[in-house]
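Each remark here refers to the structure printed beneath this line.
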Amino acid sequence: MKLLLDTQVLLWAAGMPESLSPAAQQMIADSDHELCYSVASLWEIVIKNGLGRSDFLVDARLLRRGLLDHGYRELPVSAEHVLAVGSLPAIHRDPFDRLLVAQAMVEGIALVTRDARLAQYPAPIVRI
């Protein structure tokens, strides 16, 4: 199964795995799962780091390199993903999260998140 980690889950998986539940840690460690991250997550990290958000104090270049070195697949943002955002109901206001939902829908990848609002979307979502 392909798993697209939302930005917060991605940050925890990469730098603070103890923040994840044991079940989430096991799901991410399962070699049967193909782990993916979105370029939108890197963009979100760069933007929020630049704004001084303490929960995003990560060097996005180092994070990307580490993810690639650990076998994560990078999911670029396509026009199809962007256009799919327009068809989403207004459940969540965060543009980065909405783009991740659209990517999961278009690509048929399960989005892994702790966000209860994201789990309300009619998309393949795994709430941890």
Side-chain angles (χ1 to χ4, degrees):
M1 172 191 288
K2 289 184 181 180
L3 302 175
L4 175 61
L5 305 187
D6 84 358
T7 307
Q8 194 61 59
V9 173
L10 183 68
L11 288 171
W12 288 332
M16 297 185 308
E18 66 279 359
S19 298
L20 296 166
S21 70
Q25 291 178 35
Q26 185 176 7
M27 179 177 27
I28 290 168
D30 187 335
S31 62
D32 289 337
H33 294 153
E34 180 181 352
L35 301 177
C36 305
Y37 70 93
S38 173
V39 169
S41 289
L42 294 179
W43 182 24
E44 179 178 13
I45 292 165
V46 167
I47 295 293
K48 292 181 178 178
N49 182 310
L51 294 173
R53 290 260 312 255
S54 62
D55 51 341
F56 287 88
L57 296 180
V58 174
D59 183 325
R61 283 187 176 93
L62 291 177
L63 175 63
R64 178 178 184 262
R65 182 75 268 147
L67 293 170
L68 293 172
D69 288 348
H70 285 89
Y72 282 69
R73 183 172 74 95
E74 185 172 273
L75 180 61
V77 175
S78 72
E80 187 176 7
H81 299 148
V82 172
L83 295 172
V85 171
S87 67
L88 294 177
I91 295 170
H92 204 295
R93 296 176 48 95
D94 185 295
F96 297 107
D97 287 335
R98 291 173 57 83
L99 183 53
L100 293 175
V101 169
Q103 286 184 299
M105 291 174 69
V106 168
E107 300 296 327
I109 299 173
L111 177 62
V112 180
T113 185
R114 279 190 54 187
D115 190 325
R117 286 182 299 166
L118 283 183
Q120 295 175 24
Y121 278 104
I125 295 177
V126 175
R127 185 162 177 240
I128 57 169

query = Should the heavy atoms of other residues, nucleotides or ligands under 6.0 Å from CD of Q26 be counted, would the total exceed 12?
reply =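 12 or below, so no.
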
Show the nearest heavy-atom pair for residues [X] and [Y], with the distance to one decimal.
{"X": "A123", "Y": "M105", "answer": "CB-CG, 3.2 Å"}
{"X": "V77", "Y": "S38", "answer": "CG2-OG, 4.3 Å"}
{"X": "I109", "Y": "L3", "answer": "CG2-C, 3.7 Å"}
{"X": "I28", "Y": "V9", "answer": "CD1-CG1, 4.2 Å"}
{"X": "A104", "Y": "L4", "answer": "N-CD2, 4.2 Å"}

Q. What's the verdict on side chain to side chain contact (heavy atoms under 4.5 Å, CB included) for L111 and Q103, showing C-alpha distance, side-chain angles and the deciding distance?
A. CA-CA 9 Å; L111 177 62; Q103 286 184 299; over 6 Å; no

Value rounded to 0.5 Å, distance of [atom1] in [X] from [atom2] in [Y]:
{"X": "Y72", "Y": "L35", "atom1": "OH", "atom2": "CG", "answer": "4.5 Å"}
{"X": "N49", "Y": "D59", "atom1": "CG", "atom2": "CG", "answer": "8.0 Å"}
{"X": "S41", "Y": "L100", "atom1": "OG", "atom2": "CG", "answer": "4.5 Å"}
{"X": "R127", "Y": "L118", "atom1": "CZ", "atom2": "CG", "answer": "10.0 Å"}
{"X": "Y37", "Y": "D6", "atom1": "OH", "atom2": "CG", "answer": "15.5 Å"}
{"X": "L42", "Y": "R61", "atom1": "CG", "atom2": "CZ", "answer": "11.0 Å"}

Q. Does anything in residues 25-49 pair up under salt bridge (charged side-chain N to carboxylate O under 4.0 Å, His left out), and if so which pairs, sequence neighbours excluded?
A.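 Salt bridge (charged side-chain N to carboxylate O under 4.0 Å, His left out) check on residues 25-49 returns E34-R73, E44-K48, K48-D94.
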
Verify the distance criterion only: is there a donor paired with an acceptor across the side chains of Y121 and R98 at less than 3.5 Å?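 Distance-only check passes for Y121 and R98.
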
Give a yes or no on whether [X] and [Y] share a hydrophobic cluster (residues Ile, Leu, Val, Met, Phe, Trp, Tyr; joining criterion: side-chain heavy atoms under 4.5 Å apart).
{"X": "L68", "Y": "L10", "value": "yes"}
{"X": "L63", "Y": "L57", "value": "no"}
{"X": "L88", "Y": "L83", "value": "no"}
{"X": "L62", "Y": "V58", "value": "no"}
{"X": "V106", "Y": "W43", "value": "no"}

Residues two or more places apart in sequence or in another chain: which of them pass side chain to side chain contact (heavy atoms under 4.5 Å, CB included) with S21?
->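 A23, A24.
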
Checklist entry - Is a side-chain donor or acceptor of Q25 paired with a backbone partner of L20 at a separation under 3.5 angstrom? => result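 Side chain of Q25 to backbone of L20: a pair is present.
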
Keeping H70 on the side-chain end and L67 on the backbone end, is there a donor-acceptor pair under 3.5 Å?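 Checked: no pair found.
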
Non-hydrogen side-chain atoms of [X] and [Y] separated by less than 4.5 Å:
{"X": "M27", "Y": "I128", "result": "yes"}
{"X": "V126", "Y": "T113", "result": "no"}
{"X": "F56", "Y": "V46", "result": "no"}
{"X": "V39", "Y": "L75", "result": "no"}

Charged N-O contact under 4.0 Å between D55 and R53: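 Yes, D55 and R53 are salt-bridged.
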
- Query: Between E107 and K2, does at least one N-O distance fall below 4.0 Å, as a salt bridge requires?
  - Reply: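 Salt bridge between E107 and K2, a charged N being under 4.0 Å from a carboxylate O: no.
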
Legend entry - From CA spacing to verdict: side chain to side chain contact (heavy atoms under 4.5 Å, CB included), L5, C36: CA-CA 6 Å; L5 305 187; C36 305; over 6 Å; no

Show, in sequence, the C-alpha distance, side-chain angles and deciding distance for W12 and R114, and conclude whether the side chain to side chain contact (heavy atoms under 4.5 Å, CB included) test is met. CA-CA 11 Å; W12 288 332; R114 279 190 54 187; 3.3 Å; yes

- Applying side chain to side chain contact (heavy atoms under 4.5 Å, CB included), run through V101 and H92 and close with a yes or a no. CA-CA 10 Å; V101 169; H92 204 295; over 6 Å; no

